[in-house]
Amino acid sequence: MKQLKYILFFSTFIFTFSASAQTISNVFLSTLLPDIQSDGQVEFTQTIWFYLLLLLIALVVSFVIYRIWVSSLNKSDQELRDQVKDQTIDLQRNMDKLLQEIVERKRIENALIAEKERADSANKSKSEFLANMSHEIRTPMNGIIGMTDILKQTKLDAKQEDYVLTIQHSAASLLNLINDILDFSKIEAGQIDIEEIDFNLHAATLEILDILKYKINEKKLYLKTHIAPNVPQWVKGDNFRFKQILTNLFNNAVKFTENGGITVNVSMTDQTPTHVKIKFEVIDTGIGITESNLKKLFQSFSQVDSSTTRLYGGTGLGLVISKNIAKLLGGEMGVESEEGKGSNFWFWINYKKSQHSHLTVEPIKVKENLEPNKLHVLLAEDNPINQKVAKMHLEKLGHSVECANNGKIAFEMYTKNDYDLIFMDIQMPEMDGIQATKLIREFESDIQLTTPIKIIALTANAMKGDKEACLTAGMNNYMSKPFKPAELSQVLKESFPDTDLS
Ligand code: ADP
């Protein structure tokens, strides 16, 4: 477009220039050289020279214009080049900056990854430390609690019995404390295992209340229990963790109530084709909580006021643990309370419906053997005190026990003798319980044994994954130490459901 403009301008110029040159030369010749014309000689403007002159002038002018044009083009080209150069320098500068930023970000990202790895490994070490600590603390606790149980059953005078009871209470409180701290750490580290088993919710609720009833009786309080008829008998979920929450709320209710009593309500608040939402309420007529103190509840290590701590003791971990567990079970926890009148601590859990849920009556098991049965038990346990405690408990139930000090000895004894059951400790020298169980299961499959022996893990570890590791290795059940005699009987009943072990 620009070029066309120049060509047009250029041709107009040549045309105008030649026309005006011709006119000027005509005037000039007619004025200065009139004689030549009158002589009838040929006018100069009509000669070839005149036209050549015109052409020359036009060429010169064109050349000058062309030069001006080219130089102006060069100038704008140079300007453009300068601009591009400036912009390239700017771009380069920005690129350098960007590159620096990327390098810096990468450095920060690497530092963060390294920091996270350090934190993860620190967290893992913490969990491992806790697992070990818990093992180390629970092992002697098992000894104290177990031996106290046994001591209590010997002939004691009144004073001695009182001392033994004190030891028993202190040991139980210490164990609760250890369990709370361990649970709290497990929640923090996301290490809580949630089970999904079919269980009888009515029976589990009544069982807990039955166990804790003695506390009510001691304080002469009433206990009212109401399970709504629409609450299914069977649900699928974590029986153990449900019992833990209910026990905690119930213990608190008894602890903070001096007159009146406790009411436990269980109701179904919602259901879908697959799930049921069950609400549990523990209502007491105790000291209650002020409105300002209510806000402090459910916070770690928080007791609503220090006078309560002085009077009633406690770590302030129970409610935090319970609330977190309720959440892990797909539920919630809350409280309504009035100072001086009492509290209503409630929680609900979202259970899966059980295949048993259409049953309203618990199925009656047909027992194969109605005669009381005694078991021949192999106990794999390295700690001599724990050996003694477990042996005495089992013998008290009428079973015969042989001990192995490690997994290797247990395996050898198993291959040479006829046992009904193995209690297998996990941490043992030379060969641990997991390895020994794997070896036993391999041996059984080699000799094509149709009824493999029942193996129950007996461990002071209680971290996430422990149970899975035991079950994966081929064990049938899991019992954590220290155990109560009732828990031992329960595990035996579960392991031999068709045998009367009473
Ligand atoms: P703790 O082990 O100290 O009892 P919790 O987390 O179970 O810890 O309870 C925290 C605090 O909440 C208690 O110290 C008490 O002040 C208050 N609390 C809990 N339950 C009740 C209740 N039923 N009535 C009155 N106060 C309660």
Side-chain angles (χ1 to χ4, degrees), residues 134 137 141 169-188 192 205 208-209 211-226 240-266 279-329 331-349:
S134 111
I137 299 172
M141 281 303 292
H169 277 140
S170 308
S173 312
L174 187 55
L175 187 61
N176 276 341
L177 187 69
I178 295 165
N179 285 342
D180 270 5
I181 294 172
L182 189 67
D183 267 349
F184 182 70
S185 313
K186 282 202 280 181
I187 286 169
E188 269 208 318
I192 286 259
T205 310
I208 286 293
L209 300 180
I211 292 171
L212 300 171
K213 213 161 61 193
Y214 77 95
K215 296 192 176 197
I216 289 266
N217 296 339
E218 269 174 12
K219 286 183 108 173
K220 299 199 166 50
L221 301 171
Y222 67 74
L223 170 63
K224 291 181 196 164
T225 310
H226 181 242
F240 173 74
R241 293 293 172 190
F242 149 69
K243 284 182 180 173
Q244 187 180 356
I245 305 177
L246 189 61
T247 306
N248 182 28
L249 296 191
F250 192 83
N251 279 339
N252 275 350
V254 179
K255 186 162 140 185
F256 296 107
T257 305
E258 298 307 328
N259 298 304
I262 321 277
T263 308
V264 176
N265 285 334
V266 186
K279 186 175 183 183
F280 303 85
E281 290 172 296
V282 181
I283 305 163
D284 66 60
T285 55
I287 60 170
I289 303 162
T290 61
E291 222 176 300
S292 61
N293 281 337
L294 271 177
K295 291 185 197 117
K296 295 190 210 160
L297 281 187
F298 304 113
Q299 287 171 20
S300 314
F301 310 105
S302 141
Q303 273 136 341
V304 292
D305 64 49
S306 46
S307 58
T308 319
T309 320
R310 275 198 299 277
L311 202 59
Y312 298 98
T315 55
L317 280 178
L319 288 179
V320 190
I321 293 170
S322 297
K323 190 177 172 114
N324 276 292
I325 292 174
K327 279 186 181 164
L328 285 172
L329 299 177
E332 247 314 333
M333 176 178 281
V335 59
E336 278 108 44
S337 185
E338 209 178 312
E339 198 186 4
K341 287 205 167 158
S343 313
N344 176 0
F345 278 86
W346 55 262
F347 65 100
W348 55 264
I349 294 176

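Start at 1 and go down the list; that is how both ligands and their atoms are numbered.
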Q) Run the side chain to side chain contact (heavy atoms under 4.5 Å, CB included) check on F345 and L297 step by step: do they pass? A) CA-CA 11 Å; F345 278 86; L297 281 187; 3.9 Å; yes

Q. For ligand 1, does L297 get within less than 4.0 Å through its side chain, its backbone, both, or neither, judged by non-hydrogen atoms?
A. side chain

Q) With backbone taken as N, CA, C and O and side chain as the heavy atoms from C-beta onward, which portion of D180 lies under 4.0 Å from ligand 1: side chain, backbone, both, or neither? A) neither

Taking only heavy atoms of [X], which atoms of ligand 1 are found under 4.0 Å from at least one of them?
X	value
I289	25 (C), 26 (N), 27 (C)
L317	6 (O), 8 (O)
F345	19 (C), 20 (N), 21 (C), 22 (C), 23 (N)

(Q) More than 12 heavy atoms of other residues, nucleotides or ligands under 6.0 Å from CD of E218: yes or no? (A) yes

Q) Just wondering, are more than 12 heavy atoms of other shown residues or ligands nearer than 6.0 Å to CG in N259? A) no

Q | From R241 atom CZ to I321 atom CD1, the distance as rounded to the nearest 0.5 Å | A | 9.0 Å

Q) Is the closest N or O pair between L319 and ligand 1 shorter than 3.5 Å? A) yes

Q. Heavy atom of S343 under 4.0 Å from ligand 1?
A. yes

**Q.** Residue from T247, I325, I349 passing side chain to side chain contact (heavy atoms under 4.5 Å, CB included) with F242
**A.** I349

Q) Out of L221, T263, I262, which residue meets the side chain to side chain contact (heavy atoms under 4.5 Å, CB included) rule with D284? A) I262

